[in-house]
2 protein chains.
Amino acid sequence: MLDAALEIISEQGVAALTMDKLVARVPYSKGTVYNHFSGKEDLLVALCNSSMQSLLELFQRVLTFNGLSRHKMLAICFAYMLFAKLYPRKFMLVITAKIPAVSEKCSSRRQAEHQELDETLLGVAFEVIREALEAGELTLPESRLPEQVAFSVWAMCFGTIALLSEDIEQCSARSELLMEQEVISHSNIVLDGLGWQPDAAQSDMNEVVNRFKQELFAEEIEKLGYQGRSLKL
Amino acid sequence: MLDAALEIISEQGVAALTMDKLVARVPYSKGTVYNHFSGKEDLLVALCNSSMQSLLELFQRVLTFNGLSRHKMLAICFAYMLFAKLYPRKFMLVITAKIPAVSEKCSSRRQAEHQELDETLLGVAFEVIREALEAGELTLPESRLPEQVAFSVWAMCFGTIALLSEDIEQCSARSELLMEQEVISHSNIVLDGLGWQPDAAQSDMNEVVNRFKQELFAEEIEKLGYQGRSLKL
DNA sequence: CGTAACTTTGACGAATCGTCACTAAAGAGC
DNA sequence: GCTCTTTAGTGACGATTCGTCAAAGTTACG
């Protein structure tokens, strides 16, 4: 059901998604569809939630990475970007689910589910932060809580990807590499700003990034079909 | 016309905005309304653009501020947040205008107008960056362009505000001060990460923030009605 | 005035939404 | 095997919203 909805969105855009079209593609009737989703907006949020589930899988893969905490955090940021590039429409759904025009009209159950997923995602980042604090690679002033650190990184990645995704539809050629560069660069700026050791200048970023590209996301990157091009920082 | 649309949104939410309702509130007929806006989405983007115009005014006010370049940049970030808190619905419109469901369906003329406004806003930040470079308060590695610096700051502010605005509707009490804290704190993290002098630890942030609150935004802050509470960093 | 160019109107058809009285199937009790 | 209950599924239908367009109104100007 969700798959059919995604198909329609891929083919004709979100604006063209109607319940009637969905019903036509699915071996159920309108009534049944409405038993699962209270309306179009509810469907969109459900779609977004299932997307976040796949993002979560990418995130969790980072926890198995054998490396410094800072580089793990960087890998999480990279994973976020990878997700946005692999499934630009899914990423857009994540933004879509946040605007009132949609969230106002969706069922509270699904809204709660969405909130929970958000927190689970943050939880993965939090895990890495805890590790960094224990290892002494990150030291926080009293006034800054670990939760705030996770939020800082998240806000930067979200902002960067969201702003760059706007016009990704057409000019993908231009912005394809750009997004990767900017997300890595912005993440490093934030991590440097937080004083997370070792700072960007001390590591060979190309090497680090290439390592987790190969070790964690080789399959996804191949799917994207841009593995040949190198990353310039 | 735009005012009437905003009224409806304030009273009943974006989802409840219909062309029929707008027509009922306005001394024109449907046809005339459709002469100005190609459809609902076009109206939303127009609304967003007019909001960005008022944001631009806040930004430009910062250029008159007598202080270090870093503190000016901080004031721009603050202005962005102030705007989001003064007119949460308008800020939401800025996000709304970015999602494909809306931008897909709006006229290209208005889309171009939107793009241009975006760039004008970035231009203000760019002005401050140029000043910082000239004063030697900011030094960039070869690989980082001034435009990218503007984008970094913008992405961070946008991400922070967007993520915190999600649920501002209900629990404004909790998140009211929080947003101010987080935006200032996140901006400082980015500016530190960029190596923009003098770094956060070297200035009395409370003093700086209070200064531009009084000198630039006294009126707006009064309107918000929270001028009594102090900012804890 | 008269005519042409432009603006405004609102009734209308098309598209979309979401409901609800009804049917079908599955399982429980006897 | 029969009936009753429960649950899942149906799709025609009324209501809402959208966007159009031919006709009516307005202005500009010789």
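Computation of the quantities below employed the complete heavy-atom set of this structure, encompassing side-chain atoms and omitting hydrogens, waters and symmetry-equivalent molecules.
For B:Lys213 and B:Glu220, the salt-bridge test fails: no basic side-chain N is under 4.0 Å from an acidic carboxylate O. Ion pairing between A:Asp118 and A:Lys98 holds under the 4.0 Å rule for side-chain N and carboxylate O.
The separation between A:Lys21 atom NZ and C:dA14 atom P is 17 Å, rounded to whole Å. To the nearest angstrom, C1' of C:dT9 lies 13 Å from NE2 of B:His36. The nearest whole Å value for the distance from the NZ atom in A:Lys40 to the C1' atom in D:dT17 is 12 Å. Taking atom CG on A:Asp42 and atom C1' on C:dC17, their separation rounds to 14 Å, with Å as the unit. The interatomic distance linking A:Lys105 (NZ) with C:dT16 (C1') rounds to 11 Å, in whole Å. In this structure, the CE atom of B:Met19 is 19 Å from the P atom of D:dT16, given to the nearest Å. Rounded to an integer number of Å, the gap from CG of B:Leu22 to C1' of D:dG19 is 14 Å.
Nucleic acid contact for B:Tyr34: base, since at least one base atom lies under 4.0 Å from a heavy atom of the residue. Heavy atoms of A:Thr32 sit under 4.0 angstrom from at least one base atom.
Between B:Phe91 and B:Tyr87, the ring center distance fails the sub-6.0 Å criterion.
Counting only distance, with no hydrogens or angles, the side chain of A:Ser165 and the backbone of A:Ile161 share a donor-acceptor pair below 3.5 Å.
Closest to the side chain of B:Asn35, out of D:dG19, C:dT8, C:dC17, is C:dT8. Taking every side-chain heavy atom of A:Asp20 into account, C:dT16 is the closest of D:dG19, D:dG9, C:dT16. Nearest nucleotide to the B:Lys30 side chain, out of C:dC17, D:dT20, D:dT17: D:dT20.
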